[in-house]
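Lettering of chains follows the sequences in order, A, B, ..., and the numbering in each one begins at 1.
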2 protein chains.
Amino acid sequence: MGRIAYVNGRYVPHGMAQVHIEDRGFQFADSVYEVIAVQGGHLIDGDEHLDRLERSLRELTITSPMSHRSLKLVIRELLRQNRITYGSIYMQVSRGQADRDFPFPEGLKPTLVMTAKRLKPFDYKLLYNGVKVVSIADIRWKRCDIKTVSLLAGAMGKTFAKKQGAFEAWQIDAQGFVTEGTASNAWIVNSDGTLITRALGADILGGITRKAILKLAHKEGLKYVERAFTLEEAKAAQEAFTSSSTMFIRPVVQIDDSKIGTGEPGEFCLKVIKLYGDYMEQQT
Amino acid sequence: MGRIAYVNGRYVPHGMAQVHIEDRGFQFADSVYEVIAVQGGHLIDGDEHLDRLERSLRELTITSPMSHRSLKLVIRELLRQNRITYGSIYMQVSRGQADRDFPFPEGLKPTLVMTAKRLKPFDYKLLYNGVKVVSIADIRWKRCDIKTVSLLAGAMGKTFAKKQGAFEAWQIDAQGFVTEGTASNAWIVNSDGTLITRALGADILGGITRKAILKLAHKEGLKYVERAFTLEEAKAAQEAFTSSSTMFIRPVVQIDDSKIGTGEPGEFCLKVIKLYGDYMEQQT
């Protein structure tokens, strides 16, 4: 059986899953999305993701396509039809279809599409491998707190990273501070053993994994602070890592040409990976 | 006969014109577009638009879907099938369809869609009506010189303008300078009778109508300069107008709560409208 996707109330073969060319998601990037990890058939922080989706929709005054309860039913059914126990759910909501015009009409029926993807189960060992990141200028718009599909800058940045043999690109604002990765939040640990990540604001996405890590750090009594850090501070850090819902937590052992700490994943990061792995296990 | 659209080699009823949900135009705003005015069956500055499309594609390393010659054949056929003599052509090229991933794979087959819309013929008189614009913060990304579908900021801005009873929103950068409208270039005429519009750069789109106006001003020996101007300078200007390929040239008689000049369309603007109207007529 081939892959099945969900489009506006119907489960359809992936190859036939389409939206109209005048969908505002296609013509105006007038659309938001979420990606949720699935472990052992369970959604990781599913409610958090649906809450964030709700916030994104509200910020753009896009109508919510259905209740969280209904969204979860669609997710379950899509996982079932695709026989996925470990993987991810991608869901996208656009403002809907309308004759092309910059101003959006009121009362459009939102477009909802969903796909499910099979991935390998979370493996602590795999995540212990350090990765390289490269720095790039942050050229994105000024509402990165909304999870929209205005992702061209990120797509270009990550393509650049890949060509450099890097796992991710960290974006640097006009003042020289790291905002976040193209699809992950950025973290460092300084020589005091303090975990540092940029505070929430319009210039970064409030990552669900970011939130979970802060919660776990608090619970464990680890030192942490939410503040901006420069690229130079990151390069001089003891440890660094990058986090996202589907890549989980990856130790960063090199930024551009600078080795981070010993050049191997550090203890703080490995501890966070362990805590996060356990946190996910509790949800399954 | 209903509206016909073009999608990847086929002419299809508008209602059935679709792209795949994993088209990168839908998931990543990884897509560029052009809108060309059609007057008396002729494309206005058609070659200029196709050249700009080519540049947008090149900047994003998206493969060109076909030659200019072939694009023009598709345009002609679409106009014919829709029986349009006065209107506009919308064409959009995305990087193509691929399993969702930030980095884009090489060698994707680009998606090409086109629609044609019927509009009223260019009417000098209609354009003599002054319009109001409102100012908004420019929150867009830093590559506005590429005509991508990353248009959410513009869509929000123009929706805001419409709610304020305004025709357009002019965007203001962090230094207080006007960049451009959400879908038009911004112009003022100062007390010396000098026409002023922002110089080309990454923060504005190089409008085709903007280019034509500068060419006409040069030919007519009108005083003009390409430089940034502040919102305050605009409010204190003798005249102002906003230009685009499908709205042509609209006199701006009010910015926010400030009346511009006499509060009526000024002579310079009316002259430009006349010159531009004649310029278009020469192409038909």
Task: Side-chain donor/acceptor of B:Gln92 to backbone N/O of A:Ile21, under 3.5 Å - done: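 Between the backbone of A:Ile21 and the side chain of B:Gln92 there is no qualifying donor-acceptor contact (under 3.5 Å).
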I'd like to verify something: which residue of [options] has the highest number of heavy-atom pairs under 4.5 Å with chain B?
options                               : result
A:Arg140, A:Arg95, A:Lys142, A:Lys117 : A:Lys142
A:Gly25, A:Ala161, A:Pro105           : A:Gly25
A:Ala5, A:Ala137, A:Ala153            : A:Ala153
A:His14, A:Gln18, A:Met16             : A:Gln18
A:Ser94, A:Gly15, A:Ser31             : A:Gly15

Is chain B contacted by the side chain of [X], its backbone, both, or neither, given a heavy-atom distance below 4.5 Å?
X        : answer
A:Thr182 : both
A:Phe104 : both
A:Asp138 : backbone
A:Phe160 : neither
A:Thr115 : side chain
A:Val19  : both
A:Arg24  : side chain
A:Gln97  : neither

Segment of [X] engaging chain A (4.5 angstrom heavy-atom cut-off):
X        : answer
B:Ser150 : both
B:Glu168 : neither
B:Ala202 : neither

Task: Selection from B:Ala183, B:Ala17, B:Ala29 maximising heavy-atom pairs under 4.5 Å formed with chain A - done: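 Among B:Ala183, B:Ala17, B:Ala29, the one with the most close pairs to chain A is B:Ala17.
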Task: Top of B:Lys162, B:Glu22, B:Arg143 for chain A proximity - count of heavy-atom pairs under 4.5 angstrom - done: B:Glu22
TODO: Quick one: closest heavy-atom pair of B:Met156 and A:Leu60, and the distance?
DONE: SD-CD2, 3.8 Å
Task: Closest non-hydrogen atom pair between B:Val149 and A:Gln27, with its separation - done: CB-O, 3.5 Å
Task: Atom CE of B:Met66: over 12 foreign heavy atoms under 6.0 Å - done: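 Above 12, so yes.
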- [ ] First locate atom CD of B:Glu106, then atom NZ of A:Lys163, and finally report the distance between them rounded to the nearest 0.5 Å.
- [x] 5.0 Å
TODO: Look up atom CG in B:Asp30 and atom OG1 in A:Thr159, then write down how far apart they are to the nearest 0.5 Å.
DONE: 8.0 Å
